[in-house]
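Just so you know, residue 1 is the first one in the sequence shown, and it goes up from there.
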Amino acid sequence: MSRSPLLLLLLCAVGAAAAAVPGYREAPHFTNSAAAQCPPPLPPSDADAACSPRAAVHVAMTLDASYLRGTMAAVLSVLRHASCPESIFFHFVASAAASSGATAAELRATVRASFPSLAFRVYPFADEARVAGLISTSIRGALDRPLNYARSYLASTLPPCVRRVVYLDSDVVLTDDIAALAATPLPGEETAVAAPEYCGANFTAYFTPGFWASPALSSAFAGRRACYFNTGVMVLDLARWRRAGYTAQIEEWMELQKRVRIYELGSLPPFLLVFAGRIASVDHRWNQHGLGGDNYRGLCRGLHAGAVSLLHWSGKGKPWDRLDAGRPCPLDAVWAKYDLLRSAAGIESS
C-alpha cells in the first residue's frame with residue numbers, strides 16, 4: 001500500500017522529534033531513610049506539591065536536549081545520596097520554544113519515564129525572548145543561549161511560595177546529601193545567595209581593561225571584598241531576591257554591556273557585579289569545579305585539595321562527550337556511574 005507524500009513527511013517529522021531525545025533507562029527508586037526525620041513523600045504527579053510543607057528541599061535546574069544527559073545524571077546523584085529523596089521537589093526551566101528539536105512536553109515525558117516517582121514541575125522560560133535581546137556575544141558561543149541566564153529569573157519563574165532553592169548546573173554529580181547544602185545559613189536580612197568563593201582567583205580577569213579604567217564603573221565594587229564564585233552551584237533565598245529586585249539589577253548591567261563592552265564571559269559577570277562580596281560562603285567541597293578541563297587545550301583536570309561533596313564539569317569538556325569519543329578524563333568514570341542513557345551501564349540501587 002503506497003503512502004501519500006504528505007503522510008511520509010509527517011512520519012519523518014515524528015521520527016526526527018523522537019530522535020531529538022534519546023532513550024533513557026528507568027532509575028532506581030530511592031525511599032526516605034527511616035533514620036532521618038523526613039516529611040511524608042511528595043506526590044509525583046501533583047505540580048502543586050511545589051508549595052507543600054512536605055517539600056524538604058527545592059532544587060532548580062534548566063532542562064534542554066543538549067544537556068539532558070547531564071541533567072538526568074545529576075538528578076540521579078541527588079536522589080542516590082539524599083536522606084529524604086522522596087521529599088525533594090525539582091523545578092526545571094525549559095525553553096519556551098523547541099530546544100534542539102525537543103519541546104518542553106517531550107523533555108517532561110523523558111524525565112517522568114526515567115523517574116516515575118519524582119516530584120517535579122517544568123516551567124517554560126517566559127523571559128526567554130527578553131533575555132535574547134539583552135545578551136551580548138561572549139568568547140564562547142555555548143554561553144550565549146538564553147537558558148544560561150534562567151538562574152537570574154528563578155524568582156519570577158518559580159511560585160512565590162518557594163523561598164529557598166538550590167540551583168544546580170546540568171554538569172554536576174553529588175556524592176553527599178543535598179539537604180546539608182540546602183541548609184546553608186544566609187545571615188542577616190538581605191543575603192540572598194550562598195556559594196563557594198574563590199578569593200585566590202584573578203577577579204580582574206572577568207572584566208575588560210576598559211571597565212577597570214573607568215572609576216564610574218569599577219566603583220561598583222567599592223566597599224566590597226569581591227571574590228569570584230561559580231554560579232553553577234548556589235543556594236538562593238528567592239523571597240529576599242524578589243524584595244531587593246536583583247533581576248532588574250542584573251539586567252541593568254546587561255543593558256550597559258550592549259552599549260559598552262565591560263566583560264567577555266556570558267552570564268557570570270553581571271551576576272558578579274551584583275553579588276560578589278555580598279554572598280554567604282559555602283565550603284569548597286560543594287563545588288569541585290573545573291573538571292571540564294582546560295578550555296584551550298582540552299587538558300584533564302583533577303580535584304582540588306580537600307573533601308568532595310559535589311563534582312562539577314564546568315568548562316568546555318563534558319564527560320558524556322568525552323566518554324562517547326573514547327577519550328575520557330580519569331574523573332569522568334565517576335560521572336559515568338550515574339549515566340542513564342540506555343547504552344550506558346549506570347548506577348545500581350544498592
Side-chain angles (χ1 to χ4, degrees), residues 30 33 36 55-62 67 70-85 87-91 148 150-152 154 162-188 191-201 203 225-238 240-241 267-268 271-272 275-293 301-315 318-319 331-332 334-335 337-338 347:
F30 300 100
S33 170
V57 176
H58 291 270
V59 179
M61 304 180 71
T62 57
Y67 287 84
T71 301
M72 301 287 271
V75 172
L76 176 56
S77 73
V78 169
L79 299 175
R80 176 67 179 84
H81 298 283
S83 56
C84 302
S87 303
I88 300 174
F89 195 95
F90 284 83
H91 306 265
N148 284 337
R151 74 197 79 191
S152 300
L154 293 176
V162 179
R163 179 182 179 97
R164 178 177 290 223
V165 65
V166 178
Y167 174 81
L168 299 175
D169 271 353
S170 296
D171 52 1
V172 306
V173 156
L174 276 77
T175 59
D176 207 342
D177 191 348
I178 196 170
L181 175 60
T184 300
L186 292 169
T191 305
V193 178
E197 291 182 291
Y198 303 91
C199 294
F203 188 78
R225 184 174 179 264
C227 297
Y228 161 75
F229 65 94
N230 182 283
T231 56
V233 180
M234 298 183 291
V235 180
L236 305 176
D237 188 310
L238 298 184
R240 294 178 181 178
W241 184 297
S267 62
L268 173 62
F271 225 98
L272 294 177
F275 292 110
R278 295 171 173 164
I279 71 171
S281 186
V282 175
D283 193 285
H284 288 183
R285 68 188 297 159
W286 286 106
N287 196 347
Q288 286 273 352
H289 68 291
L291 303 183
R301 286 178 175 170
L303 295 171
H304 308 293
V308 180
S309 293
L310 183 150
L311 291 83
H312 187 186
W313 281 262
S314 58
K318 301 305 173 190
L331 288 171
D332 293 348
V334 177
W335 183 91
K337 294 178 181 179
Y338 301 89
I347 195 171

Exam field: side chain [X] to backbone [Y], donor-acceptor pair closer than 3.5 Å:
X      : Y      : result
Gln288 : Ala307 : yes
Arg151 : Thr231 : yes
Ser314 : Gly290 : yes
Arg240 : Thr191 : yes
His284 : Glu197 : yes
His304 : Asn287 : no

Is any side-chain heavy atom of [X] less than 4.5 Å from a side-chain heavy atom of [Y]?
X      : Y      : result
Thr62  : Thr71  : no
Leu186 : Arg164 : yes
Asp169 : Tyr67  : no

**Q.** Worked verdict on Val165 versus Phe89 for side-chain contact (heavy atoms from CB on, under 4.5 Å)
**A.** CA-CA 10 Å; Val165 65; Phe89 195 95; over 6 Å; no
**Q.** Value rounded to 0.5 Å, distance of CG in Asp237 from OG1 in Thr184
**A.** 12.0 Å
Q) Under 30°, 30 to 60°, or over 60°: which ring-plane class applies to Phe271 and Phe229, parallel, tilted or perpendicular? A) perpendicular
Q | Val173/Lys337 under side-chain contact (heavy atoms from CB on, under 4.5 Å): CA gap, chis, key distance, verdict | A | CA-CA 10 Å; Val173 156; Lys337 294 178 181 179; over 6 Å; no
Q. Which atom names give the shortest non-hydrogen contact between Phe90 and Val78, and what distance separates them?
A. CZ-CG1, 3.8 Å
Q: Before giving the answer on side-chain contact (heavy atoms from CB on, under 4.5 Å), spell out for Val282 and Val233 the whole-Å C-alpha distance, their side-chain angles and the decisive distance to 0.1 Å.
A: CA-CA 10 Å; Val282 175; Val233 180; over 6 Å; no
**Q.** Tyr338 vs Val75, side-chain contact (heavy atoms from CB on, under 4.5 Å): CA-CA, chis, key distance, verdict
**A.** CA-CA 9 Å; Tyr338 301 89; Val75 172; over 6 Å; no
